[in-house]
Amino acid sequence: MNEIKISMLGVSGSGKTAFLSGICDTFISGNVEVCDMKNDDRSHLFRILPYQADNLSETSIGDVRRYSIRSNRSFTSVSTENTKKYILSLFDDCYSSSSPLCTVSFIDYKGGFVENLVNEKSGDEVKDVKNELLSSNVILIFADAIRLSRAESAAEFNTALGCDDINTFFNTNQFVNKNMTFLFVLTKDDSPEVSGDDEILTDRIMHAFETTLRIIERNGWTFGIVRTSAVGRNSVDPVTNHITPDAEIVPYGIDSVLFYSIYRTVSEAVTGLHIKISDMEKASVLTKMSKEYRNKMKIFKSQLEETDTVLRYIRIPYNYLRVKESLIMEKKPDDSGISAIAG
Ligand SMILES: Nc1nc2c(ncn2[C@@H]2O[C@H](COP(=O)(O)OP(=O)(O)OP(=O)(O)O)[C@@H](O)[C@H]2O)c(=O)[nH]1
Ligand SMILES: [Mg+2]
């Protein structure tokens, strides 16, 4: 299985970097225990090891551990200035303790960057970022749930979500991947200002990103909406916006985003390989195929076997976390309607 590429998009301050802190505090300074209900309730421990580059601060490869809210006891107050990539290997102790189940790369773009992409400002960085985005397996669109709950007019939604630029970007570009997954990541869900009503938040997202959703639907892609917090409830002082001294940092929803993204990507890869192999088999019945052709088929078959194994393992946390409250809505291409997820 190749590296699964996840890109994060969202206005400045929407919580992209804090989300990475949440990845660290969920999977590195902690781990996720999941029960396999179909297999004697056997428990799986999921954890992440970050890719280690020699000089992390100066390269474009970042280390999520730098942002750990649990160890720094504060949000990183500076805005992200450069595009950074974080390479993470996901381990499941039941799969193997030494080789990762899969590798995921997260790309963090600074919040103001979508504007550059849309305004067609030329330059290598814009071109590179555009290519990265269009070839991603998963796009995470970040929406600050506090601002989303507060906003009242179309103009306010646009400032809060940057939806005009994001809609324009997806409306004017061609994608490289046949299969993609979009997740709207509602951040800062821990705040008491955030509406508890899933329907209100869903309606607002669907309305603001109508154009993007139309493109998602036209391409037969999957999308969902997830509630997340990088710190958990009762950790932030609402007046100062600082982490309270005795707060226990327990992020939520972040595991759902990661497992959902991986599950969708791996399951689409398995379907794609099945189709490829069956097409090749059909063709080989009609004419005698070259050795090269048969070798190619063999490679695809072994890829399928490998990817299928990953799918079997990743399905366990996917099934388990799907029923949790964080994924509040999802729509798959084969669904006739939108399904609200029961809590
Ligand atoms: N209550 C609460 N506040 C959060 C959470 N995540 C982020 N914040 C607040 O939002 C601010 C901005 O978050 P960042 O993660 O830096 O935002 P960003 O999207 O990376 O912004 P740019 O790097 O400028 O694009 C933080 O400094 C916190 O004050 C959360 O889970 N809960
Ligand atoms: Mg940032």
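Along the sequence shown, residues are numbered consecutively beginning with 1. None of the values given here were measured: they were computed from a predicted structure. Indexing begins at 1, ligand by ligand and atom by atom, following the structure's order. Hydrogens, waters and symmetry mates are skipped; everything else that's a heavy atom, side chains included, is used.
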Undergrad: Enumerate, atom names and distances included, each donor-acceptor pair closer than 3.5 Å involving a side-chain atom of residues 8-30, sequence neighbours excluded.
TA:
unit_1: Ser14; atom_1: OG; unit_2: Val11; atom_2: O; d: 2.7
unit_1: Lys16; atom_1: NZ; unit_2: Gly10; atom_2: O; d: 2.8
unit_1: Lys16; atom_1: NZ; unit_2: Val11; atom_2: O; d: 3.1
unit_1: Thr17; atom_1: OG1; unit_2: Thr80; atom_2: OG1; d: 2.8
unit_1: Thr17; atom_1: OG1; unit_2: Asp108; atom_2: OD2; d: 3.1
unit_1: Ser21; atom_1: OG; unit_2: Thr17; atom_2: O; d: 3.3
unit_1: Ser21; atom_1: OG; unit_2: Ala18; atom_2: O; d: 3.4
unit_1: Ser21; atom_1: OG; unit_2: Tyr67; atom_2: O; d: 2.9
unit_1: Asp25; atom_1: OD1; unit_2: Ser29; atom_2: OG; d: 3.4
unit_1: Asp25; atom_1: OD1; unit_2: Ser68; atom_2: OG; d: 2.7
unit_1: Asp25; atom_1: OD2; unit_2: Ile69; atom_2: N; d: 3.1
unit_1: Asp25; atom_1: OD2; unit_2: Arg70; atom_2: N; d: 2.9
unit_1: Thr26; atom_1: OG1; unit_2: Gly22; atom_2: O; d: 2.5
unit_1: Ser29; atom_1: OG; unit_2: Arg70; atom_2: NH1; d: 3.0

Undergrad: Can you tell which part of Thr17 has a heavy atom less than 4.0 Å from ligand 1: side chain, backbone, both or neither?
TA: both
Undergrad: Step through the shown structure and confirm whether more than 12 heavy atoms of other residues, nucleotides or ligands are within 6.0 Å of CD on Glu248.
TA: no
Undergrad: Is any N or O atom of Lys188, backbone or side chain, closer than 3.5 Å to an N or O atom of ligand 1?
TA: yes
Undergrad: For ligand 1, find out whether one of its N or O atoms is nearer than 3.5 Å to an N or O atom of Gly13.
TA: yes
Undergrad: Taking ring pair (Phe, Tyr, Trp, His ring centres under 6.0 Å) as the criterion, tell me which of Tyr260, Trp221, Phe223 meets it with Phe182.
TA: Trp221
Undergrad: At the 4.0 Å heavy-atom cut-off, does Ser229 count as touching ligand 1?
TA: yes
Undergrad: Does ligand 1 have an atom under 4.0 Å from some heavy atom of Thr187?
TA: no
Undergrad: Any N/O/S atom, backbone or side chain, of Ser12 lying under 2.8 Å from the Mg ion (ligand 2)?
TA: no
Undergrad: Please determine if Glu281 and Lys276 form a salt bridge, counting it only when a charged side-chain N lies under 4.0 Å from a carboxylate O.
TA: no
Undergrad: Can you see whether Ser135 engages Lys5 through a side-chain donor-acceptor pair at a distance of less than 3.5 angstrom?
TA: yes
Undergrad: Does Asp93 pair with Arg47 as a salt bridge, N-O distance under 4.0 Å?
TA: no
Undergrad: Does ligand 1 have an atom that lies less than 4.0 angstrom from a heavy atom of Ser191?
TA: no
Undergrad: Would you say Ala230 has any N or O atom under 3.5 Å from an N or O of ligand 1, going by distance alone?
TA: yes
Undergrad: Under 4.0 Å, heavy-atom basis, I'd like to know which part of Ile146 is in contact with ligand 1: side chain, backbone, both or neither.
TA: neither
Undergrad: May I ask you to test the Thr287-Met289 pair for a side-chain heavy-atom distance under 4.5 Å?
TA: yes
Undergrad: Using a plain distance cutoff, I'd like to know if Asn241 has any nitrogen or oxygen under 3.5 Å from a nitrogen or oxygen of ligand 1.
TA: yes
Undergrad: Between Phe142, Tyr252, Tyr109, Phe75, which one has a non-hydrogen atom sitting closest to atom 27 (O) of ligand 1?
TA: Phe75
Undergrad: Determine whether more than 12 heavy atoms belonging to other residues, nucleotides or ligands lie under 6.0 Å from atom CZ of Arg42.
TA: no
Undergrad: Would you say ligand 1 has an N or O under 3.5 Å from any N or O of Lys16?
TA: yes
